[in-house]
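Worksheet: one structure, shown below.
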Amino acid sequence: MGIYDYTVKDQNEEDVSLSDYKGKVLLIVNTATGCGFTPQYEGLEDLYEKYADQGFEILDFPCNQFLGQAPGTDEEIADFCNSRYGVTFPQFHKIEVNGDDEEPLYTFLKSKDGGGGGRIKWNFTKFLVDRNGKVVSRFSTPKKPEDIESAIVDLL
């Protein structure tokens with residue numbers, strides 16, 4: 001299976017096929033609204049505003065798996081992100097990124113050469129996927145969005 005074979009749930013729990021994103025550069029991020037790294041939303045939105053018209057998408061997957069730092073419903077998370085950080089990139093249904101209830105997309109991302117293998121250690125782990133659906137890189141939590149801009153530009 002490739003990344004475009006996966007279907008995920010949007011904030012309304014409607015199916016979204018990742019094939020909708022064929023030909024785009026993707027940054028897939030597990031996020032949290034109550035984390036010390038939550039201000040990374042600002043940097044993510046800046047990247048999205050700069051490069052969306054060049055075929056760049058950010059796919060935001062809230063995850064409450066790390067110390068319960070993404071509490072609330074999908075709607076509450078979206079309201080927080082929109083009002084606090086002006087987020088306009090796609091946000092999806094809250095998921096788990098490790099363990100028995102792990103989102104299959106994350107199993108796939110972690111298994112690929114560029115996916116770094118192993119468990120997700122914290123919120124705001126970022127996976128960069130090229131226009132052909134290949135997982136190119138995995139960036140750890142402390143890596144700020146602005147610090148990976150050149151890697152994104154190289155793929156655009």
| Spacing of CZ belonging to Phe56 relative to NZ belonging to Lys24, to within rounding of 0.5 Å | 11.0 Å
Residues 81-88 side chain polar contacts: donor-acceptor under 3.5 Å, at least two apart:
residue, atom, partner, partner atom, Å
Asn82, ND2, Ala78, O, 3.1
Ser83, OG, Asp79, O, 2.9
Ser83, OG, Phe80, O, 3.4
Thr88, OG1, Glu45, OE1, 3.3
Thr88, OG1, Glu45, OE2, 2.7

| field | Gap separating the CD1 atom of Ile95 from the CD atom of Glu103, nearest 0.5 angstrom | value | 5.0 Å
| Would a distance-only check, ignoring hydrogens and angles, find a side-chain to backbone donor-acceptor pair under 3.5 Å from Asp130 to Asn132? | yes
| said: Please check this pair: side chain of Lys121 against backbone of Arg119, looking for a donor-acceptor N/O pair closer than 3.5 Å. | reply: no
| task | Would you please name every residue forming a side chain to side chain contact (heavy atoms under 4.5 Å, CB included) with Lys110, sequence neighbours left out? | result | Asn98, Glu102, Ile120, Phe127, Arg138
| request: Give me the one residue out of Phe139, Tyr41, Phe66, Phe61 that meets ring-ring contact (aromatic ring centres under 6.0 Å, His included) with Phe124. | output: Tyr41
| query | Quick one: do the Tyr4 and Asp20 side chains pair a donor with an acceptor below 3.5 Å? | reply | no
| field | Pair Asn64-Gln69, side-chain donor/acceptor within less than 3.5 Å | value | no
| note | The side-chain contact (heavy atoms from CB on, under 4.5 Å) partner of Leu18 among Thr7, Leu105, Asp5 is Leu105
Distance-only check: which donor-acceptor pairs under 3.5 Å involve side-chain atoms of residues 143-156, not counting sequence neighbours?
residue, atom, partner, partner atom, Å
Glu149, OE2, Lys50, NZ, 2.7
Glu149, OE2, Tyr51, OH, 2.4

| query | What's the spacing between Arg131 CZ and Tyr21 OH if we round to 0.5 Å? | reply | 15.0 Å
| Any donor-acceptor N/O pair, Gln40 side chain to Thr141 backbone, under 3.5 Å | yes
| Modelled atom types, side-chain donor and acceptor of Asp60 and Thr31, under 3.5 Å | yes
| message | When you compare the side chains of Gln11 and Lys94, does any donor N or O come within less than 3.5 Å of an acceptor on the partner? | response | no
| request: Give, for atom CG of Asp74 and atom CG of Asn12, the distance between the pair rounded to the nearest 0.5 Å. | output: 8.0 Å
| Rounded distance [0.5 Å steps], CD1 in Ile58 versus NZ in Lys126 | 10.5 Å
